[in-house]
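Scroll down for the structure; my scribbles are underneath it.
Numbered from 1 within each chain, the chains take letters A, B, ... in sequence-line order. Please read these numbers as outputs of a predicted model, since none were measured by experiment. Atoms considered below: every heavy atom in the structure, side chains included; atoms not considered: hydrogens, waters and symmetry mates.
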Amino acid sequence: MGGKRPVAKLATMPPPRFPRGTGLSLGTCLLSLASMIRARFAPSPTGYLHVGGARTALFNWLYARHTGGTLILRIEDTDRERSTEAHTQVILDGLAWLGIECDEGPYFQGEYGARHQADAERLLAEGKAYRCFCTREELEAQRARVEVTGLGFRYDRRCFRLTPAEVEERRGAGIPSTIRFLLQDEEIAWDDAVHGRISFQGRDLDDFVILRSDSTAIYNLAVVSDDIAMRISHVIRGDDHISNTPKQIALYRALGHPQPVFGHVPMILGADGKKLSKRHGATAVGDYQDQGILPAAMRNFLVLLGWAPGGDREILPEDEMIRLFSLEGIQKKAAVFDTTKLEWMNGQYLSALPAEEMLGPVQRQLARSGVAHGDRDLVPIVNAVKARSRTIIHLAEQVAVRLDPPRAALDPKGETLIRKMGPAFSANLELAARALEALDPKDWTSERLLETLKAAAAEHGLKLGDALQPIRVALTGSTVSEPVNELLAVVGRERSLRRMQEVAHQWTGGDAAA
RNA sequence: GGCGCUAUCGUCUAGGGGACUAGGACGGGGCCCUCUCAAGGCCCAAACACGGGUUCGAAUCCCGUUAGCGCUACCA
C-alpha cells in the first residue's frame with residue numbers, strides 16, 4: 001500500500017499538523033487526516049461518573065471508533081481540594097463497565113504543572129500576558145463596587161499599566177502575583193461541530209488569570225496546554241464549556257497553535273427539566289449498574305439521548321452505533337433523562353440476551369439478597385423469567401422465588417384473585433396438586449404437566465384458567481408469570497407440590513378475606 | 001446585569017422550503033394473541049412557544065418577543 005509513506009512523513013512533521021500544500025493527493029490527505037483524529041475525554045475526579053459525563057465519553061469513543069481515530073483519557077485532577085483517587089477509580093470503573101475503552105491514558109493533568117507554568121511564562125515573556133498583584137480581597141471589593149451599579153464586572157487592567165520597574169519592585173518585595181492573560185479586542189469565532197458558527201467579541205471577555213500565585217495553572221490554560229501537547233484534534237465536551245471556548249481559542253492563538261475542532265454536546269436534564277443533580281435520584285452510572293441495568297442497554301439509551309441516526313432506529317448494536325455515529329446527528333437541545341424508557345430498553349436487551357450471558361450479574365444479585373442456589377442450574381430459571389423483567393434486580397427476585405417458593409410475597413393482584421375465587425381457590429389448588437402428584441416424577445416436564453393439568457380441569461369441568469391461576473399465585477404470589485406448566489417445571493416437583501399444599505391449607509381453615 | 005446557547009406530542013426524536021391530513025419510540029388508552037403477564041401485532045389520543053417578515057409556498061430561512069439553560073472565580 002502506497003498509503004504508508006505519507007502517513008509516516010506526516011507523523012514526523014512539526015505542528016501545524018494539518019498538511020497544506022504538501023503535494024499529497026486529496027484522497028491520501030483525507031485518509032491521513034481521518035487516521036489522525038485524536039479525541040479525548042477529560043473528567044475531573046471531583047465526584048462520581050455522572051450520566052452526562054458518561055454520555056460525553058460515549059460520544060468521544062464513538063467518534064474515535066467511527067473515524068478510526070484515537071481516544072485519550074485525561075484525568076483533570078488539578079483541583080486538589082476536591083479531587084480524590086477514589087473518584088478517579090470510580091470513573092475508570094464506570095467507563096470499563098460501559099465498555100468504553102481508551103487508547104491512551106489515563107494521563108493525569110496534575111503531572112504537567114511544569115509545562116503549564118512554562119506556557120504561562122512564555123506568554124508573559126512575549127507580552128501576551130502580564131503579572132497581576134491584585135489580591136482576592138481587592139478583586140472582590142472591586143467586583144462588589146461595580147455590581148452595585150448594575151454593570152458586569154470586568155478586570156480594569158490596573159496591573160497591566162504597571163511599569164516594568166514597578167513590577168520588579170513588587171516582585172523584589174516578595175508580593176505574590178498571578179499571571180493574567182491579555183485578551184485582544186477581536187472577534188473570536190469558531191465553527192462548532194454541533195452548533196455551527198458561534199461568535200464572541202474579545203471586549204466582552206475578561207483578562208482572565210492563567211497561573212495562580214502558587215504557580216499552578218488555571219483550568220483554561222491547563223486544558224489548552226494539555227490538548228496541544230497531546231495533539232488533540234477534536235474537543236467534544238459538554239456545552240457548559242461554550243463560554244470557555246473563546247478564552248481557550250485566544251490561548252491557542254497566543255501560543256501559536258491551530259485550534260482543534262470543537263463540538264459542544266447538550267446537557268442532560270432531570271424529569272423536572274432542571275439540570276440533573278442528586279435530587280433526581282440516580283445520576284451516577286454506578287447507580288444504574290447497581291439497579292441491574294445492562295451496560296449495552298445503558299449505552300444504547302445514552303447514545304439516543306441527544307443523538308439520532310436519522311430514521312426510526314431505536315435498538316442499536318455496538319457495531320451499528322459506531323457505523324452510524326456522526327457529530328452532525330448530535331442534538332443542540334438539552335434532553336430529559338427518562339428512566340422509564342431506560343428500563344424499557346433494558347427489558348429489550350434482557351429478553352434478547354442468552355441466559356448464560358447474564359448469569360454473573362444475576363448471581364451477584366442473588367448473593368446480595370442472601371439467596372443460596374447451591375448447585376442448581378440457573379439457566380432454565382433465568383430463561384423462564386427474563387422476558388418479563390426490566391432489570392437484573394427484578395429478574396433475580398423472580399429467580400429467587402422459583403428457587404424457594406415460600407419467599408413469594410402475595411401482591412395485590414394475587415390477593416384479588418384469592419378473594420374473588422373464594423373457597424374454589426384452595427379446592428382447585430388441591431385438586432391440581434393431587435393430579436400432579438399422581439404424575440410419575442420422570443414425567444415432570446413442561447409438556448406432560450400441561451397435558452395433565454388440562455385433563456384434570458376437563459375431568460372436573462373447570463376452565464383452564466381457574467385451575468391454573470391458583471397454582472401461579474401459590475408459587476409466585478402474583479398472577480403474573482411464565483406459563484404455569486413451565487413455572488412448575490422450573491420450580492421442580494417437590495418444591496411445587498409442597499408449596500401448593502401449604503398454600504391450599506393456609507386459605508382453607510383461615511380467613512380467606514385477609 | 002452582561003455575554004452566549006436553545007426552543008416539534010408528557011418524554012426521546014424524524015424533518016434541512018412543496019413528498020406533512022407533521023413520521024417513529026417510551027409512557028397512556030383500546031383491541032388481538034393467551035391459562036395470566038411480558039413479548040409481539042393492530043388501532044386511538046397527543047406537538048411545530050409567540051409575533052413579524054422572505055417566498056407562489058414555510059416545522060424548515062431571517063428578525064424580534066417570551067421562556068429555559070450555561071458562563072460571568074487565583075473551580076473544573
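- For the P atoms, the distance from rG27(B) to rC42(B) is 16 Å, rounded to whole Å.
- Residue contacts shown for Lys463(A) are absent, as no nucleic acid heavy atom lies under 4.0 Å away.
- Put simply, OH on Tyr219(A) is 16 Å from P on rC74(B), counting in whole angstrom units.
- Regarding Asn428(A), its CG atom lies at a distance of 16 Å from the P atom of rC35(B), rounded to whole Å.
- Arg472(A) and Thr476(A) share no donor-acceptor pair across their side chains, judged by distance under 3.5 Å alone.
- Across all strands, Ser199(A) comes closer than 4.0 Å only to sugar-phosphate atoms, never to a base (heavy-atom distances).
- Listed pair Gln331(A) / rA14(B) meets the phosphate criterion, a side-chain N or O lying under 4.0 Å from OP1 or OP2.
- A donor atom on one side chain and an acceptor atom on the other are not found under 3.5 Å apart for Tyr112(A) and Asp226(A).
- When the nucleotides rC3(B), rC69(B), rG27(B) are ranked by their closest atom to the side chain of Asp204(A), rC3(B) comes out on top.
- Which of rC5(B), rC35(B), rG70(B) sits closest to the side chain of Leu464(A) comes down to rC35(B).
- Nucleotides rC43(B) and rC61(B) place their C1' atoms 38 Å apart, quoted to the nearest Å.
- Nearest nucleotide to the side chain of Ile242(A), out of rA76(B), rU6(B), rC5(B): rC5(B).
- Here, rG15(B) and rC20(B) have their P atoms 15 Å apart, quoted to the whole Å.
- Rounded to whole Å, atom P of rA14(B) lies 12 Å from atom CD1 of Ile330(A).
- Across rA39(B) and rG29(B), the matching P atoms stand 13 Å from one another, rounded to whole Å.
- For the pair Thr391(A) and Gln291(A), the minimum side-chain heavy-atom distance is 4.5 Å or more.
- Here Ser351(A) lies out of heavy-atom contact (under 4.0 Å) with every strand.
- Backbone-only engagement by Arg143(A) is indicated by non-hydrogen atom pairs under 4.0 Å involving sugar-phosphate atoms exclusively.
- You won't find any donor-acceptor pair under 3.5 Å spanning the side chain of Thr479(A) and the base of rC37(B), going by distance alone.
- Of all nucleotides listed (rA38(B), rC3(B), rC74(B)), rC3(B) comes nearest to the side chain of Phe200(A).
- Aromatic ring centres of Phe59(A) and Phe325(A) lie closer together than 6.0 Å.
- The CG-P distance, from Asn346(A) to rA38(B), rounds to 18 Å in whole Å.
- Inter-residue side-chain proximity for Asp227(A) and Pro260(A) is flagged as unmet; no heavy-atom pair is nearer than 4.5 Å.
- Under the 6.0 Å cut-off for aromatic ring centres, Phe337(A) and Phe301(A) qualify, their centroids lying closer than that.
- Checked against His264(A) for a side chain to side chain donor-acceptor pair (under 3.5 Å), the options Thr56(A), Asp239(A), Asp192(A) give a single hit: Asp192(A).
- No contact: Ser389(A) has no heavy atom under 4.0 Å from any strand.
- Across all strands shown, rC69(B) is found opposite rG4(B) as a Watson-Crick or G-U wobble partner, with both distances under 3.5 Å.
- Closest-nucleotide positions on RNA chain B for Leu450(A) and Asp77(A) were compared, and the one nearer the 5' end corresponds to Leu450(A).
- A donor-acceptor contact under 3.5 angstrom links the side chains of Arg237(A) and Thr245(A), judged on distance only.
- Distances shown here put every side-chain N or O of Arg197(A) at or beyond 4.0 Å from the OP1 or OP2 atom of rG4(B).
- Distances shown here put every side-chain N or O of His241(A) at or beyond 4.0 Å from the OP1 or OP2 atom of rC71(B).
- Here the side chain of Ala335(A) is nearest to one of rU6(B), rG10(B), rU13(B), namely rU13(B).
- Rounded to whole Å, atom C1' of rG27(B) lies 10 Å from atom NZ of Lys341(A).
- Between the P atom of rU13(B) and the CG atom of Asn300(A) lies a distance of 14 Å, rounded to the nearest Å.
- Rounded to the nearest Å, the gap between the C1' atom of rC63(B) and that of rA58(B) is 15 Å.
- A close approach under 4.0 Å does not occur between any side-chain nitrogen or oxygen of Lys247(A) and OP1 or OP2 of rU72(B).
- Counting non-hydrogen atoms under 4.0 angstrom, Gly306(A) reaches the backbone sugars and phosphates but no base.
- A sub-4.0 Å separation between OP1 or OP2 of rG4(B) and a side-chain N or O of Ser243(A) is absent.
- Of the P atoms belonging to rG70(B) and rU60(B), the separation is 27 Å, rounded to the nearest Å.
- One P atom belongs to rU54(B), the other to rC71(B), and the distance between them is 40 Å to the nearest Å.
- Proximity of Arg203(A) to the phosphate of rG2(B): no side-chain N or O atom is located under 4.0 Å from OP1 or OP2.
- The side chain of Arg390(A) has rG27(B) as its nearest neighbour among rG27(B), rU6(B), rU11(B).
- Among the heavy atoms of the strands, none lies under 4.0 Å from Asp206(A).
- Contact check, Gln348(A) against rG40(B): a side-chain N or O comes under 4.0 Å of OP1 or OP2.
- Put simply, the side chain of Asn220(A) and the base of rA76(B) share no donor and acceptor less than 3.5 Å apart.
- The CD1-P distance, from Ile315(A) to rU13(B), rounds to 16 Å in whole Å.
- At a threshold of 4.0 angstrom between heavy atoms, the contacts of Val484(A) include nucleobase atoms, whether or not backbone atoms are also involved.
- The residue Lys413(A) sits apart from the nucleic acid: no heavy atom pair falls under 4.0 Å.
- Rounded to whole Å, the P atom of rG18(B) lies 14 Å from the corresponding atom of rG57(B).
- The phosphate of rC5(B) has neither OP1 nor OP2 within less than 4.0 Å of any side-chain N or O from Lys333(A).
- Across all strands, Cys134(A) comes closer than 4.0 Å to base atoms (heavy-atom distances).
- Residue-to-nucleotide contacts include a donor-acceptor pair under 3.5 Å from the side chain of Arg472(A) to the base of rC35(B).
- Residue Glu314(A) is in base contact, counting any heavy-atom pair closer than 4.0 Å across all strands shown.
- A straight line from CD of Glu482(A) to P of rA39(B) spans 15 Å, rounded to a whole angstrom.
- Using a 4.0 Å heavy-atom distance criterion, Asn485(A) is classed as a base contact.
- Of the N and O atoms on the side chains of Asp77(A) and Gln109(A), not one donor lies less than 3.5 Å from an acceptor on the other residue.
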